Amino acid sequence: MSGKEGAGGFKKRKHDNFPHGHRREEKDNINPSTVFMSFKAFQLELDTRHDKYERLVKLSRDITIESKRTIFLLHRITSAPNGDEILMESEAKLDTVRQKIKQVAQELMGDDMYQFHRAISPGLQEYVEAVSFQYFIKTRTLVSIEEINKQLIFEAEDKEEETKVPASDCLNSQSHIWCLKVTPVDYLLGVADLTGELMRMCISSVGNGDIDTPFELSQFLRQIYDGFSYIGNTGPYEVSKKLYTLKQSLAKVENACYTLKVRGSEIPKHMLADVFSSKTEIIEQEDGLP
């Protein structure tokens, strides 16, 4: 029998070596005010984080609204006599959006962006969609994520901002620079939404009698779809979900191009848009789309 066992063969518990009065004294030494202050600190931290999350949600909503207005403006370029004025106006609107993104970057000073990513992701996706749409109109190419992030580097404009202490790898403590990086997922989701705007641009072009732009858009959409095909089901769920919508936009544009190629010479220009719309309705009925 070991020394740790009692006479009856049972092991002694560790606290059996201490008198009951000593254990009662330890319980009495617990200060209720200390426990209360600890939970009070937790409450303050959670309330602060929740308030910041709500502010970021509001900023993201403002970014989304201004980005949508920029996209609506850019759609006018297909029928506008002077497209340069629309591009200049869209650039001014995007500068306003970037000022909102600057406020997001300042709110995230010293915090991990991914803790608040869900709050700002919708706005960033809409911004990517607007920027990529404008970039395509200018260059007929797809803007890269590096080019987008270069535009999201902000410098302090006054002494009051320079007194703020920057933190995180996006911030330079000497030059007082804020920046917010668009994540690859937000970039992909924004590009996927871009395809819907290009499909609408195709409809507007056909309605204006432009039969060259739809073929150009069809080739560009095919390249984007091929790029997304390499991701497949290995990417995030949101990307694979929007891949289906991308496929529908591509099918609508390709079928319209087919109609223009086969019957374009015999259809009057003022009726091309009607042919395109009817073809789109047939595709949606076949796919069961609302």
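The chain is numbered in sequence order, starting from 1. Small disclaimer: the values here were computed from a predicted structure and weren't measured.
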Test side-chain contact (heavy atoms from CB on, under 4.5 Å) on Gln125 and Lys242; report intermediate values, then the result. CA-CA 12 Å; Gln125 294 177 31; Lys242 290 195 175 185; 3.5 Å; yes
Decide yes or no on salt bridge (Lys or Arg N to Asp or Glu O under 4.0 Å) for Lys52 and Asp111, but give the supporting numbers first. CA-CA 11 Å; Lys52 176 176 290 191; Asp111 292 315; 2.4 Å; yes
Walk me through it: do Leu246 and Phe228 pass the test side-chain contact (heavy atoms from CB on, under 4.5 Å)? CA-CA 9 Å; Leu246 193 160; Phe228 273 87; 3.7 Å; yes
Given salt bridge (Lys or Arg N to Asp or Glu O under 4.0 Å), test Glu126 with Arg61 step by step and report yes or no. CA-CA 10 Å; Glu126 200 70 31; Arg61 191 181 299 114; over 6 Å; no
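Counting heavy-atom neighbours within 6.0 Å of Glu54 CD, excluding the residue itself, gives a total above 12. A 6.0 Å sphere centred on NZ of Lys138 holds more than 12 heavy atoms belonging to other residues, nucleotides or ligands.
In plain terms, the two heavy atoms of Gly190 and Val128 that are nearest each other are CA-CG1, 3.9 Å. Contact detail for Cys257 and Ser218: the closest heavy-atom pair is SG-CB, 3.8 Å. In terms of heavy atoms, Ala105 sits closest to Cys179 at CB-O, 4.0 Å. The heavy-atom pair separating Gly123 from Thr64 by the smallest distance is CA-OG1, 3.3 Å. Taking every heavy atom of both residues into account, Leu152 and Val182 meet most closely at CD1-CG2, 3.6 Å.
At a threshold of 4.5 Å between non-hydrogen side-chain atoms, the residues Phe136 and Val143 do not count as touching. Proximity of Leu188 to Ile145: side-chain heavy atoms (C-beta onward) are nowhere separated by under 4.5 Å. Within the 4.5 Å cutoff, the side chain of Leu198 has heavy atoms near those of the Phe133 side chain. Looking only at side-chain heavy atoms (C-beta outward), Phe116 and Glu107 stay at 4.5 Å or farther from each other. Within the 4.5 Å cutoff, no side-chain heavy atoms of Leu108 are placed close to those of Trp178. Between Ile148 and Tyr135, the closest side-chain pair of non-hydrogen atoms is not below 4.5 Å. Put simply, the side chain of Ile120 does not reach to within 4.5 Å of the side chain of Val57, judged on heavy atoms. Contact check for Val104 versus Ile63: side-chain heavy atoms found under the 4.5 Å cut-off.
With rounding to the nearest 0.5 Å, the separation of CG in Leu194 from CD1 in Ile224 is 5.5 Å. Ile153 contributes atom CD1, which lies 11.0 Å from atom CG of Leu180 (distance to the nearest 0.5 angstrom). Annotation: the span from Ile101 atom CD1 to Leu94 atom CG amounts to 9.0 Å, rounded to 0.5 Å. To the nearest 0.5 angstrom, Lys181 atom NZ is 14.0 Å from Leu124 atom CG. The CD1 atom of Ile71 sits 5.0 Å away from the CD atom of Glu197 when rounded to the nearest 0.5 Å. With rounding to the nearest 0.5 Å, the separation of NZ in Lys93 from OG in Ser67 is 10.5 Å.
Taking the centre and axis of the six-membered ring of Tyr53, the NZ or CZ atom of Arg49 falls outside the cone set by 45° and 6.0 Å.
Between Glu254 and Arg222 a salt bridge is recorded (basic side-chain N to carboxylate O distance below 4.0 Å).
Hydrophobic clustering (ILVMFWY, side-chain heavy atoms < 4.5 Å, transitive): Leu56 and Leu46 are in distinct clusters. Residues Met88 and Val97 do not share a hydrophobic cluster, defined by chaining ILVMFWY side chains whose heavy atoms lie under 4.5 Å apart.
Arg76 places no side-chain N or O within donor-acceptor distance of the main-chain N or O of Phe72, the cut-off being under 3.5 Å. Looking at Ser205, its side chain does come within 3.5 Å of a backbone N or O of Met201 through a donor-acceptor pair. Between the Ser229 side chain and the Tyr225 main chain, a donor and an acceptor come within less than 3.5 Å of each other. Of the possible donor and acceptor atoms, none in the side chain of Ser121 sits under 3.5 Å from a partner among the backbone N and O of Arg118. Looking only at distances, a side-chain donor or acceptor of Ser204 sits under 3.5 Å from a matching main-chain atom of Arg200. Asp193 places no side-chain N or O within donor-acceptor distance of the main-chain N or O of Glu129, the cut-off being under 3.5 Å.
No side-chain donor from either of Arg55 and Gln103 sits under 3.5 Å from a side-chain acceptor of the other. Thr183 and Asp186 are linked by a side-chain donor-acceptor pair at a separation below 3.5 angstrom, with hydrogens and angles left out of the test. Judged by distance alone, the side chains of Tyr127 and Arg98 do bring a donor and an acceptor atom under 3.5 Å apart. Glu66 and Thr70 share no donor-acceptor pair across their side chains, judged by distance under 3.5 Å alone. Counted by atom type alone, Gln134 and Ser90 present one or more donor-acceptor pairs between their side chains at under 3.5 Å.
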